[in-house]
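First the structure, in the form of structure tokens, and then the observations on it.
Quick note: numbers below take in every heavy atom, side chains included, and nothing from hydrogens, waters or symmetry partners.
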Amino acid sequence: MAAKDTIRAFVEIGKFLSQFCSDPVQKNEAVLHNDLHFEAFEALILLSQSHNGWFTPAQVRFALGSWADALTTENLEQWLSNYQTPVDKPKTIGLVLAGNIPLVGFHDLLSVLLAGHKALIKTSSNDQKLLPFLVNYLQQVDPSLGNRIVFAEGKLENFDAVIATGSNNTARYFEYYFKDKPAIIRKNRNSVAVLSGQETTQELVALGEDIFRYFGLGCRNVSKLFVPQGYDFTTFFEAIFAYQDVIHYEKYANNYDYNKAVFLMSNFKLLDNGFLTIKEDPSYASPISSVFYEYYDAIDNLQSRLSADDDQLQCIVSTSKIKDSIPFGSTQKPALWDYADRLDTLEFLLTI
């Protein structure tokens, strides 16, 4: 079992974050160090959109709520029960973090510290405020963690292993630069939904959450639909109408207008409801404000296709008999043991 003090520190972060999941916030006087951090963190949430236009207060609060739900004693102990932690000889682990959604790199930091290592963190230019704030809170709760977390200002140096997350293009750079170090290097992935045509309205509304949460910027966002031949999109469009307010965000609206114009100028056939375009396309990665779709004939054939493309996929949502699929509406609430790219981060950290 990992050091109890480290587990306790992250449980306290969970309690701290739980205050900020709703608007207005719900202050809990029993939470540690609220006198120092509560008002400052509330202000940071409201300012996040000025640091990154996609980080609206509502999206940040959702991310905080997900982490508040995950960081409980029960969840942490269940996750760690299958590992022998911490390590006997701590090492320094470089973390190159993405910045597409709020706190997307928090799981890597959590894993490094619970494994007993030190973290050398290179934040994304798109998410430079939230994680340092929570690290400061963490160090207040457990001062012993103070010398185990360092933020790198320039390039990473003096580390023993690395976990780097980026695009397919940056991955090529990472693979070259980190070729002499043990590494996990994550590339682009996308998530898909497999529809049977028998889904309930409630299930399709939940699918809308998988599509629109974080404006579709995450690898766990559904960007592609597989539908049976002759599928009628009417019920789908009616269900996702609940998410129509997304078009009121300027950055999303700009992407919608631009991508729709590009599609139309290319004479692509589109389905459009005023805030989302649907385009038949074999690709998995669709642009913001658009979802691709593809018809399938037999579910067994589709299963073979998805299995063959496993290295391109993050999540599959469905009520059909698709291997390793998850329910609609659950993509953005992963458990602690739902590893990115299905690469066991803790196992990597404990065996380097």
### Message
Can you confirm whether Leu134 sits close enough to Leu138 that some side-chain heavy atom of one is under 4.5 Å from a side-chain heavy atom of the other?
### Response
no
### Summary
The residue among Asn221, Leu276, Leu207 that forms side-chain contact (heavy atoms from CB on, under 4.5 Å) with Phe212 is Leu276
### Message
Is it the case that atom OH in Tyr258 sees more than 12 heavy atoms from other parts of the structure closer than 6.0 Å?
### Response
no
### Query
Out of curiosity, does Leu349 fall in the hydrophobic cluster containing Phe174 (side-chain heavy atoms, cut-off under 4.5 Å, transitive links)?
no
### Query
What heavy-atom pair brings Glu294 and Asp281 nearest, and what distance separates the two atoms?
OE1-O, 4.0 Å
## Note on the structure
One should read off an interatomic distance between Gln198 CD and Thr235 OG1, to the nearest 0.5 angstrom, of 10.5 Å
### Query
Any sub-3.5 Å donor-acceptor pair from Gln303's side-chain atoms to Lys323's backbone N or O?
yes
### Query
What pair of heavy atoms forms the shortest contact from Ala253 to Ile247, and how long is it?
CB-O, 3.4 Å
### Residue Lys27 excluded, over 12 heavy atoms near NZ under 6.0 Å
yes
### Query
If only atom types and distance count, is the side chain of Asp127 paired as donor or acceptor with the main-chain N or O of Ala98 below 3.5 Å?
no
### Task
Check whether any side-chain N or O of Asn168 sits under 3.5 Å from a backbone N or O of Asn188 as a donor-acceptor pair, and report yes or no.
yes
### Query
What distance separates Tyr83 OH from Ser111 OG, expressed to the nearest 0.5 Å?
8.5 Å
### Message
Other residues, nucleotides and ligands only: do more than 12 of their heavy atoms fall within 6.0 Å of CD on Glu157?
### Response
yes
### Query
Does Lys179 NZ have over 12 foreign heavy atoms under 6.0 Å away?
yes
### Query
If only atom types and distance count, is the side chain of Thr6 paired as donor or acceptor with the main-chain N or O of Leu114 below 3.5 Å?
no
#### Entry: Cation-aromatic face contact Lys224/Phe292, 6.0 Å, 45 degrees
no
### Query
Using the ring of each side chain (for Trp, its six-membered ring), is Trp79 parallel, tilted or perpendicular to His107, with breaks at 30° and 60°?
tilted
### Task
Answer with yes or no whether the side chains of Asn273 and Tyr243 bring together a donor and an acceptor at under 3.5 Å.
no
### Query
Do Thr72 and Asn75 meet the criterion of a side-chain donor-acceptor pair at a distance under 3.5 Å?
yes
### Query
Between Glu12 (side chain) and Phe10 (backbone), is there a donor-acceptor pair under 3.5 Å?
no
### Task
Determine whether the side chains of Ser167 and Asn169 contain a donor N or O and an acceptor N or O closer than 3.5 Å.
no
### Query
So, Asp69 side chain and Ser66 main chain: donor-acceptor pair closer than 3.5 Å or not?
no
### Query
Would the number of heavy atoms belonging to other residues, nucleotides or ligands and lying under 6.0 Å from CD of Glu250 be above 12?
no
### Message
Looking at Gln244, I want to see if its CD is surrounded by more than 12 non-hydrogen atoms of other residues, nucleotides or ligands under 6.0 Å.
### Response
yes
### Message
For a quick test of reading the model, state the closest non-hydrogen atom pair linking Pro24 to Gln26 and the distance between them.
### Response
O-NE2, 3.4 Å
### Query
Within the distance-only criterion (no hydrogens, no angle test), does the side chain of Gln229 pair as donor or acceptor with the backbone N or O of Asp297 below 3.5 angstrom?
no
#### Entry: NZ or CZ of Lys333 within 45° of Phe62 ring axis and under 6.0 Å
yes
### Task
Have a look at Thr331 and tell me which of Glu209, Arg220, Gln314 forms a side-chain contact (heavy atoms from CB on, under 4.5 Å) with it.
Arg220
### Query
What about Ile316 and Leu204, same hydrophobic cluster or not, with Ile/Leu/Val/Met/Phe/Trp/Tyr joined at side-chain heavy-atom distances under 4.5 Å?
no
### Task
Measure the spacing between OH of Tyr284 and CD of Gln312 and express it to the nearest 0.5 Å.
6.0 Å
### Heavy-atom closest pair, residues Leu109 and Ala119
CD1-CB, 3.7 Å
### Query
Is a salt bridge present between Asp310 and Arg342, judged by a nitrogen-to-oxygen distance below 4.0 Å?
yes
### Message
Would you say Glu77 and Ser81 are linked by a side-chain donor-acceptor pair, where the criterion is simply a distance under 3.5 Å?
### Response
no
### Message
Looking at every non-hydrogen atom in both residues, tell me the closest pair between Ala340 and Arg186 and how far apart they are.
### Response
CB-NE, 3.6 Å
### Query
Ignoring hydrogens and geometry, is there a side-chain-to-backbone donor-acceptor pair from His37 to Tyr137 under 3.5 Å?
no
### Task
Assess the pair Tyr231 and Tyr293: is the distance between their ring centroids shorter than 6.0 Å?
no
### Query
On the ring face of Phe159, is Lys181 found with NZ or CZ under 6.0 Å from the centre and within 45° of the axis?
yes
### Message
Quick check on side-chain contact (heavy atoms from CB on, under 4.5 Å): which of Asp23, Thr56, Leu17 does Arg61 satisfy it with?
### Response
Asp23
### Message
To the closest 0.5 Å, what do you measure between CD1 (Ile299) and OG (Ser304)?
### Response
10.5 Å
### Message
Taking the side chain as everything from C-beta on, heavy atoms only, tell me whether Tyr295 gets closer than 4.5 Å to Leu302.
### Response
no
### Task
Report, as yes or no, whether the 6.0 Å neighbourhood of atom CZ on Phe241 holds more than 12 heavy atoms from other residues, nucleotides or ligands.
no
### Message
Within this structure, what is the CG-OH distance for the pair Leu156 and Tyr177, rounded to the nearest 0.5 Å?
### Response
6.5 Å
### Task
May I ask you to decide if the ring planes of Phe41 and Phe133 are parallel, tilted or perpendicular, using 30° and 60° as cut-offs?
tilted
## Note on the structure
By side chain to side chain donor-acceptor pair (under 3.5 Å), Thr234 pairs with (sequence neighbours left out) Asp232
### Query
Phe106 pairs by side-chain contact (heavy atoms from CB on, under 4.5 Å) with which of Leu130, Leu71, Val135, Leu97?
Leu71
### Task
Mind listing the closest non-hydrogen atom pair of Ile322 and Ser325 along with its distance?
O-OG, 2.9 Å
### Message
Quick check on the hydrophobic clustering: are Leu120 and Leu95 connected, directly or via other members, by side-chain heavy-atom contacts under 4.5 Å?
### Response
no
#### Entry: Ring center gap for Phe38 and Phe16 short of 6.0 angstrom
no
### Query
Is the side chain of Asp160 donor-acceptor paired with the backbone N or O of Ile93 at a distance under 3.5 Å, no angle test?
no
### Query
With the threshold set at 4.0 Å, does a side-chain nitrogen-carboxylate oxygen contact exist between Asp341 and Arg189?
yes
### Query
Say you draw a straight line from CD of Gln332 to CZ of Arg213; how long is it, rounded to the nearest 0.5 Å?
8.0 Å
#### Entry: Exam field: side chain Asn255 to backbone Lys251, donor-acceptor pair closer than 3.5 Å
yes
### In one Ile/Leu/Val/Met/Phe/Trp/Tyr side-chain cluster, 4.5 Å: Leu64, Val31
yes
### Message
Any donor-acceptor pair under 3.5 Å linking the side-chain atoms of Gln128 with those of Ser125?
### Response
no
